[in-house]
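Heads up, the thing below is written out as structure tokens.
So you know, we letter chains A, B, ... as the sequences are listed, proteins then strands, and number each from 1.
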Amino acid sequence: MSKTVPVLIASLVGCLMIVAYFSPPLLPARQIAEDWFTIVATIAMLLGGANLCLHHVKKISDQEAGWGFSAVTLLSFFITIAVGILKVGVVPESEQQVKFAWSGPFQQEGSGFWWIYQYLFSPIVSTMFALLAFYVASAAFRAFRAKNVEAILLLVTALIVLVGQTRDREITSMFLPPPAEGVPTFIPIAFVTNFIRETFVTAGQRAIMIGIALGVVATSLRILLGLDRSYLGGDE
Amino acid sequence: MNRETRFWTVMFLCGSLFLAYQSFGTNRGVGQQFVVRVDATTGKIIPPTTDAAAPAVKTVIYEPAAKDDPEAIWSFSRTAGIWIAALLTLCIFSYLYRDNVCYKLAESIIVGVSAGYWIVTNYWEVLIAKVLVKLAPDVARYAFLPDTPADAKADYLYVVPVVLGCMVFCRLIPKISWMGRWPLAFVVGTTAGLKLILFLNADFVRQVRSTVLPLVVFSASASGGSELDLIQSIKNIVIVISVLSCLTYFYFSVEHKGLVGRISRLGIWVLMISFGASFALTVMGRITLLTMRLQFLFDDWLGFVRI
């Protein structure tokens, strides 16, 4: 019983989504279900926030190694929430909105929440991604060896596309006769790069996308038919 | 104090002295940010004044301005923000040396801030803009969203997702944790239904349709007739053969021997070329990000680059 009702809910809602796509009169019901989905998923995100708090509070109360960092995490978490929900620094933007307490946009430039995004969230996230440039280069240096045809193809293509994206690509046109007046310079490596991107990359990505689509369809059907119940967890 | 600690102490001292000199010894400053005051309701710039009799403006917003702008004023919050962002950037870069306290500090901050950021965003964009507007439109209009239509009626059907959402918290209470499966099933079922159609339509049907291409392409010539477009024809032939060979490689119901084996080997080569190009594009993307961060440090913060 504890698993039958959830399976029924998943099947009914999933089938409604599919049927509504083919039946326009059911589109409002699909829209409502999508709204409900967003609301439930949002409230579920609060559970994630609660779990984060519990995890770090436990680390602090047990004084585990690195509990100070947990305190920093909790502090930044609660400060962000307080600043964002109280709309610290937000001012109403029109005459009509002046009399309303929280009527300005919560991400308004100059507000506290904007400051947190601009000077804490965005720099750290983009630097973390930028850091990957070093690790990708380091991993490639250690792992890439031209041992067989496949590895050679991968290496040569990577090299061509890398050079074809930089200004150094113009070196490859130095050995060609100068173009006629008004005709743009032909850059061979840029032409090859474009050819690779428009043919092999498109084809490879397309085959992968078709494979993924078939996989998603099969998994979705298994869920809707109640054959896959792994998302419900074990017996409790 | 060991040799390594001495080295880093000297490095930090040199860095601090350099920053102090840049801040106070030069007229450029470090990370100085200037703004102009703008009346939010009219959009007009408010000139800086010391006249107490000047009319007070209720709703002031601040917009970035150049240092030499006569109406610009120094912004403490933005200058502090640039400094904090620069120091956090250096904290993250310090991981290139090894895992250390500065990196862990920045990591802890981003965990808390990102969790809080998404909760706040969802609070305003979903809980207020969707739930409160549907359940209590008058309250939403009065307190949060003045643009809510005055004739909007409450739609109590939206109590259902709120109740379902609250049932998620049942997972924290072992005796009734089974109730937490209902909202989960709702989310999984909706996702399955939506994704099934989405992937079937966009990633299967459309991709197959895009692969059905003419192998010989004719285009309009300058003389008004039509001529063979050799490059486009070659491209189309390569795309069709490559997609078919890749799909043959992914087809595991037949043993990859003989003709099938040779076609699937061609598929592997196409995939390798595709992965090589993707790798190069990823590296380029990361290097661009790295350049942007260095530009932030050397231009926005230290002010070395002036274009």
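For the pairing with Tyr117(B), the ring pair (Phe, Tyr, Trp, His ring centres under 6.0 Å) check across Phe77(A), Phe106(A), Tyr117(A) returns one residue only, Tyr117(A). The side chain to side chain contact (heavy atoms under 4.5 Å, CB included) test with Val40(A) singles out one residue from Leu164(B), Val160(B), Thr190(B), and that residue is Leu164(B). For the side chain to side chain contact (heavy atoms under 4.5 Å, CB included) with Gln207(B), the lone residue among Ile210(A), Thr202(A), Ile208(A) that qualifies is Ile210(A).
Residue Leu214(A) holds its CG atom at 11.5 Å from CZ of Phe199(B), rounded to the nearest 0.5 Å. The CE atom of Met167(B) sits 12.0 Å away from the CD1 atom of Ile43(A) when rounded to the nearest 0.5 Å. With rounding to the nearest 0.5 angstrom, the CE atom of Met17(A) is 11.0 Å from the CD1 atom of Ile197(B). Once rounded to the nearest 0.5 Å, the distance linking CG of Leu96(B) with OH of Tyr135(A) reads 5.0 Å. With rounding to the nearest 0.5 Å, the separation of CD1 in Ile212(A) from CZ in Phe204(B) is 13.5 Å. The distance from atom OG of Ser114(B) to atom CG of Leu120(A), rounded to the nearest 0.5 Å, is 11.0 Å.
Heavy atoms of Tyr103(B) lying under 4.5 Å from chain A belong exclusively to its side chain. With a 4.5 angstrom heavy-atom cutoff, Ser75(B) does not touch chain A via any of its atoms. Proximity to chain B is limited to the side chain of Ile223(A), based on heavy atoms less than 4.5 angstrom apart. Both the backbone and the side chain of Ile82(B) come within less than 4.5 Å of a heavy atom of chain A. For chain B, the nearby parts of Thr199(A) are the backbone and the side chain; heavy atoms of each come within less than 4.5 Å. With a threshold of 4.5 angstrom between heavy atoms, Tyr231(A) approaches chain B through its backbone and through its side chain. In this structure, the portions of Leu221(A) lying under 4.5 Å from any heavy atom of chain B include both its backbone and its side chain. If you measure heavy-atom distances from Ser210(B) to chain A, the contacts under 4.5 Å come from both the backbone and the side chain. Looking at Arg30(A), only its side chain comes within 4.5 Å of chain B, counting heavy atoms on both sides. Residue contact with chain B, scored on non-hydrogen atoms closer than 4.5 Å, involves the backbone and the side chain of Phe69(A) alike. Proximity to chain B (any heavy atom under 4.5 Å) is shown, for Ile39(A), by both the backbone and the side chain. Residue Phe279(B) touches chain A through its side chain alone, counting heavy-atom pairs closer than 4.5 Å. At a 4.5 Å heavy-atom cutoff, the contact between Arg197(A) and chain B is made by side-chain atoms alone. Using a 4.5 Å cut-off between heavy atoms, Leu47(A) contacts chain B through both its backbone and its side chain. Proximity to chain A is limited to the side chain of Arg265(B), based on heavy atoms less than 4.5 angstrom apart. For chain A, the nearby part of Val126(B) is the side chain; its heavy atoms alone come within less than 4.5 Å. Within the 4.5 angstrom heavy-atom criterion, only side-chain atoms of Phe113(A), from C-beta onward, approach chain B. Looking at Trp118(B), both its backbone and its side chain come within 4.5 Å of chain A, counting heavy atoms on both sides. Looking at Val101(B), both its backbone and its side chain come within 4.5 Å of chain A, counting heavy atoms on both sides.
The greatest number of non-hydrogen atom pairs below 4.5 Å with chain B, out of Gly66(A), Ala20(A), Ser76(A), is found for Ser76(A). Top candidate by heavy-atom pairs under 4.5 Å with chain A, chosen from Leu290(B), Leu88(B), Ile273(B), is Ile273(B). For the set Met284(B), Met292(B), Met272(B), Glu107(B), the count of heavy-atom pairs under 4.5 angstrom toward chain A peaks at Met272(B). With chain A as the partner, the residue from Trp124(B), Tyr62(B), Tyr123(B) showing the most heavy-atom pairs under 4.5 Å is Trp124(B). Listed options Gly164(A), Ser126(A), Gly68(A), Cys15(A) were ranked by heavy-atom pairs under 4.5 angstrom with chain B; first place goes to Ser126(A). The choice from Asp155(B), Thr282(B), Ile239(B) that makes the most heavy-atom pairs within less than 4.5 Å of chain A is Ile239(B). Counting heavy-atom pairs closer than 4.5 Å to chain B, the top residue among Val13(A), Thr166(A), Val149(A) is Val13(A). Your options are Phe275(B), Tyr249(B), Tyr95(B), and the one with the most heavy-atom pairs under 4.5 Å with chain A is Tyr95(B). Residue with the most contacts toward chain B among Arg206(A), Gln107(A), Lys87(A): Arg206(A) (heavy-atom pairs, distance under 4.5 Å). Looking only at heavy-atom pairs under 4.5 Å with chain A, the residue among Thr89(B), Val208(B), Leu271(B), Val240(B) that has the most is Thr89(B). When Leu46(A), Val161(A), Thr157(A), Thr127(A) are compared by the number of non-hydrogen pairs under 4.5 Å with chain B, Thr127(A) comes out ahead. Here Glu150(A) is the residue among Glu150(A), Met209(A), Arg222(A) with the most heavy-atom pairs under 4.5 Å with chain B.
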Fill in: Trace of the side chain to side chain contact (heavy atoms under 4.5 Å, CB included) decision for Leu196(B) with Val216(A)
CA-CA 7 Å; Leu196(B) 192 143; Val216(A) 169; 6.0 Å; no
Query raised in the report: When you look at Val188(B) and Leu232(A), which way does the side chain to side chain contact (heavy atoms under 4.5 Å, CB included) test go after all the steps?
Result: CA-CA 10 Å; Val188(B) 171; Leu232(A) 296 173; over 6 Å; no
* Dump the intermediate steps for side chain to side chain contact (heavy atoms under 4.5 Å, CB included) on Phe200(A) and Ser242(B), then the final yes or no. => CA-CA 7 Å; Phe200(A) 293 111; Ser242(B) 299; 3.9 Å; yes
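For Lys130(B), the salt bridge (Lys or Arg N to Asp or Glu O under 4.0 Å) test picks out Asp35(A), with sequence neighbours left out.
In terms of heavy-atom proximity, Cys246(B) sits nearest to Ala207(A) at CB-CB, 3.3 Å. The minimum heavy-atom distance linking Leu224(A) with Ala192(B) is given by the pair CD2-CB, 4.0 Å. Residues Trp36(A) and Leu157(B) approach most closely at CZ2-O, 3.5 Å, considering heavy atoms. The two residues Leu52(A) and Ala115(B) have their closest heavy-atom pair at CD2-CB, 3.9 Å. The two atoms that bring Val120(B) and Thr80(A) nearest to each other are CG2-O, 3.7 Å, heavy atoms only. Residues Arg286(B) and Phe129(A) share a closest heavy-atom pair of CD-O, 3.1 Å.
Between the side chain of Thr73(A) and the main chain of Ser108(B), a donor-acceptor pair closer than 3.5 Å is present. Between the side chain of Trp115(A) and the backbone N or O of Ser77(B) there is at least one donor-acceptor pair closer than 3.5 Å.
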